[in-house]
Amino acid sequence: MDTDREKGPDFIRQIVAADVAAGKNDGRVQTRFPPEPNGYLHIGHAKAICISFEIASEFDGRCFLRFDDTNPEKEDVEFVEAIKTDVRWLGFEWAELRHASDYFPKLYELAVELIRQGKAYVDSLSAEEIRDFRGTLTEPGRDSPDRNRSIDENLGLFERMRAGEFDEGQYVLRAKIDMAAPNINLRDPTLYRVRKVEHQRTGGEWCIYPMYDFAHTLSDALEGTTHSLCSLEFEDHRPLYDWLIRQLPVPYEPQQIEFSRLNLMYTVMSKRKLKRLVDEGRVSGWDDPRMPTLSGMRRRGYTPEAVRDFISRVGISKNYQVVELGALESSVREDLNENAARRFAVLRPLKIVIESYSEDDEELMEAANHPNRPELGSRTVPFCRELYIEHDDFREDAPKKFFRLVPGGEVRLRYGYIIKCERVIKDADGRVVELRCSHDPATRSGSDQSGRKVKGTIHWVSARHAVPAEVRLYDRLFKVPDPDRAEGDIEDLLNPESLEILSDAMLEPSLADADEGERFQFERQGYFVVETPLSAGHGVLTRTVTLRDSWAKVERQALATAGALA
RNA sequence: UGGGGUGUAGCCAAGCGGUAAGGCAACGGGUUUUGAUCCCGUGAUUCGCAGGUUCGAAUCCUGCCACCCCAGCCA
């Protein structure tokens, strides 16, 4: 689906192509996706994943999956497994699986080497003091009293840090760069801290852990990364990245290139905010179909192909990128339109009785699985005297261009007959509960000799054969386009209609043996995925995305102008 | 008031001194037994603003404005 789209290569691909052409790194290309295993992946990560994996593969290179697991307090194996699942679901396979923790011994050696060179020192300042000594954005920092500690003393102290002789916070290892640097990252950044915590991989082997800048940079350099692709907020870490590579004897010299993160309207992307939604029970979990997480999208019924197509459509740049939901939905529809089999499902049933059709009769109507792809074959749907149609497909007081069923009016039952609404039956409260109709036997689909045409065609299911199921309709999580910047209580920002549960939907019988995860288009409704198979007793279907609905748009505009006139 | 970035249509985004690609959205029209799909068509005299260089500027220079990121022993 994303084959013949013409587009100049983005700025990163241009750089990589130029590097390869110039023979840099012997023409080798190696990238990595380096998540911290402290949460679930979301659509923003999908962008980073696609960039690193696809660029590597386009240049006959390799992409590693490397867990930047340098903060044991926040990390968990649960997350590493979830991340692996998500990356694979997206359709990528890493050349090698690595962990920053694999390099802990080597990293320690390099830290010692830095100390030997007089470019790192052990500092006894407290966290607060370090912050205070760092200065501000506009004022330079001050040197720590420990800055000129002798190399031997630093070596001894660092070794004792590693040996567990000190408490957390008592000492840290700092790079000795420039306390007056205008770039705050260069004001003697902390390289190692003491953490007496079990690490999810190395257990109790270490009690000192490297900081991100040290571990990340040197992991890149150690494993042969050529192009270290990351998001914009690391741009001012690049001088430190380059500094570390310059100081230390590492086998490779990777180049860091930054691009902007992906944001989506009507949702939030930060782990903290997503976690809050989960913790406060706003959603059912990290994989709630309304979440922008990959696991949520998977449950929602999005395909990895659609997600990748979306990522390729939005492109790569350094602009602040906030994409409309419609763009994502367009990619999803494009894929599902092509690949999802069509079925009938009545979401809000209204019973109709075709009085002209014998109680004893029953027919099997042939219905195409895909109107534009005959090779996908067909199934049959049973037809009889009593059917369900969509409640919305009948209107007593219909507006001008409503061409579905109205009292005394006609409509085509798709793959069935033309019917006419003869009588409307209401309950004591005046609600329409049933329609009595007649049909024209000469208008049977496939063998219609009548030559008659009606404006509307609606879907239906046989009341006698229908299988009931629960259908969940999902919509955007927030009602404001940019909840990140919006003011006010989250309560007022959340879309109260982000989930609607329809407990008595009626499905055509062929859906009875649909498998979990199978995707369908319910004609005239949208794309749905099987959350719980009907064979399990209580079937649950999840709406992935609606069909484009130009009628809804017309009606909305009509209402708006009517409202404006009133 | 320091440093690092970014400003091209409603949302993305090409463009790399030779006269504004493409996608999504929107709006017309055609086909249609899904108001779906599909097909055709429509939008920037103008690129944050103001100057300058040039035969020629979104592209180069200067100044200004707006927005984003940075003061974790998080990543």
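Chain letters run A, B, ... following the sequence lines, proteins first, then strands; residues in each count from 1. We use all heavy atoms of the structure for the numbers below, so side chains are in, but hydrogens, waters and symmetry mates are not.
Summarising the geometry, the separation between CZ on A:Phe234 and P on B:U6 is reported as 18 Å, rounded to the nearest angstrom. We find that CZ of A:Phe259 is positioned 16 Å from C1' of B:C68, with the value rounded to whole Å. Per the geometry, CZ belonging to A:Arg131 stands 11 Å off C1' belonging to B:C73, to the nearest Å. In this entry the distance linking NZ of A:Lys455 with C1' of B:U31 reads 20 Å, nearest Å. Rounded to a whole Å, the CD atom of A:Glu75 is 9 Å from the C1' atom of B:A75. Nucleotide B:G48 holds its P atom 20 Å from the OH atom of A:Tyr320, rounded to whole Å. Atom CZ in A:Arg548 sits about 11 Å away from atom C1' in B:C38, given to the nearest Å. Distance, A:Arg187 CZ to B:A71 C1': 7 Å, rounded to whole Å.
Evaluation of atom-type donor-acceptor distances gives no pair under 3.5 Å for the side chain of A:Arg524 against the base of B:U34. Side-chain atoms of A:Arg333 stay outside donor-acceptor range of the base of B:U37, with no qualifying N/O pair under 3.5 Å. One N or O donor and one acceptor, one from the side chain of A:Glu324 and one from the base of B:G10, sit under 3.5 Å apart. Side-chain N/O atoms of A:Arg238 and base N/O atoms of B:G4 include no donor-acceptor pair closer than 3.5 Å. Within 3.5 Å, no donor on the side chain of A:Glu338 pairs with an acceptor on the base of B:U37, nor the reverse. Checked by distance alone, A:Glu235 brings no side-chain donor or acceptor within 3.5 Å of a matching partner on the base of B:C70. At a cut-off of 3.5 angstrom, the base of B:U34 holds no donor-acceptor pair with the side chain of A:Thr457.
Here B:A25 sits opposite no nucleotide as a Watson-Crick or G-U wobble pair (both hydrogen-bonding atom distances under 3.5 Å). In this structure B:A66 sits in a base pair with B:U6, meeting the Watson-Crick or G-U test at under 3.5 Å.
Counting only heavy atoms from C-beta outward, the side chains of A:Val322 and A:Leu264 never approach each other to under 4.5 Å.
Comparing the P positions of B:C16 and B:C12 gives an interatomic distance of 22 Å, to the nearest angstrom. Rounded to whole Å, the P atom of B:G35 lies 50 Å from the corresponding atom of B:A50. Between B:A9 and B:G48, the two C1' atoms lie 14 Å apart (nearest whole Å). Distance noted for atom C1' between B:U46 and B:U37: 36 Å (whole Å). Here the separation of B:G4 from B:G51, taken at their P atoms, is 28 Å to the nearest Å. Between B:U19 and B:C55, the distance separating the two C1' atoms is 13 Å to the nearest Å.
Relative to the side chain of A:Ser317, the nucleotides B:G2, B:A13, B:A25 differ in distance, and B:A13 lies closest. With distances taken from any side-chain atom of A:Asn372 to the nucleotides B:C16, B:A36, B:G72, the minimum falls on B:A36. Side-chain atoms of A:Asn185 lie closest to B:C70 of the nucleotides B:G15, B:C70, B:G5. Side-chain proximity of A:Thr138 to the nucleotides B:A71, B:U1, B:A36 is greatest for B:U1.
Put simply, the residue from A:His199, A:His99, A:His216 that forms a ring pair (Phe, Tyr, Trp, His ring centres under 6.0 Å) with A:Phe67 is A:His99.
The aromatic ring centres of A:Tyr415 and A:Trp460 sit 6.0 Å or more apart. Outside the 6.0 Å centre-distance limit, the rings of A:Tyr40 and A:His45 are not counted as a close aromatic pair.
Nearer to the 5' terminus of RNA chain B, by closest-nucleotide assignment, is the contact made by A:Gly416 (compared with the other of A:Gly416 and A:Tyr527). Annotation: of the two residues near RNA chain B, A:Thr443 and A:Arg195, the 5′-most nearest-nucleotide partner is A:Thr443.
At the heavy-atom level, A:Gly326 lies under 4.0 Å from the strands shown only through sugar-phosphate atoms. No contact: A:Gly39 has no heavy atom under 4.0 Å from any strand.
With a glycosidic angle further than 90° from 0, B:G48 counts as anti.
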*asked:* Would A:Glu168 and A:Arg195 count as a salt bridge (Lys or Arg N to Asp or Glu O under 4.0 Å) here? Give the steps.
replied: CA-CA 6 Å; A:Glu168 292 187 12; A:Arg195 280 289 171 279; 3.7 Å; yes

*asked:* ring-ring contact (aromatic ring centres under 6.0 Å, His included), that's the test. Do A:Tyr266 and A:Phe478 meet it? Break it down for me.
replied: CA-CA 5 Å; A:Tyr266 296 101; A:Phe478 288 86; 9.0 Å; no

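Look at A:Ser331 and you won't find any side-chain N or O under 4.0 angstrom from OP1 or OP2 of B:C24.
Here A:Trp551 packs flat against the base of B:G35; its ring centre is closer than 5.5 angstrom to the base's six-membered ring, tilted by less than 30 degrees.
Side chain of A:Glu329 to main chain of A:Gly326: no donor-acceptor pair is present (N/O by atom type, distance under 3.5 Å, no hydrogens or angles).
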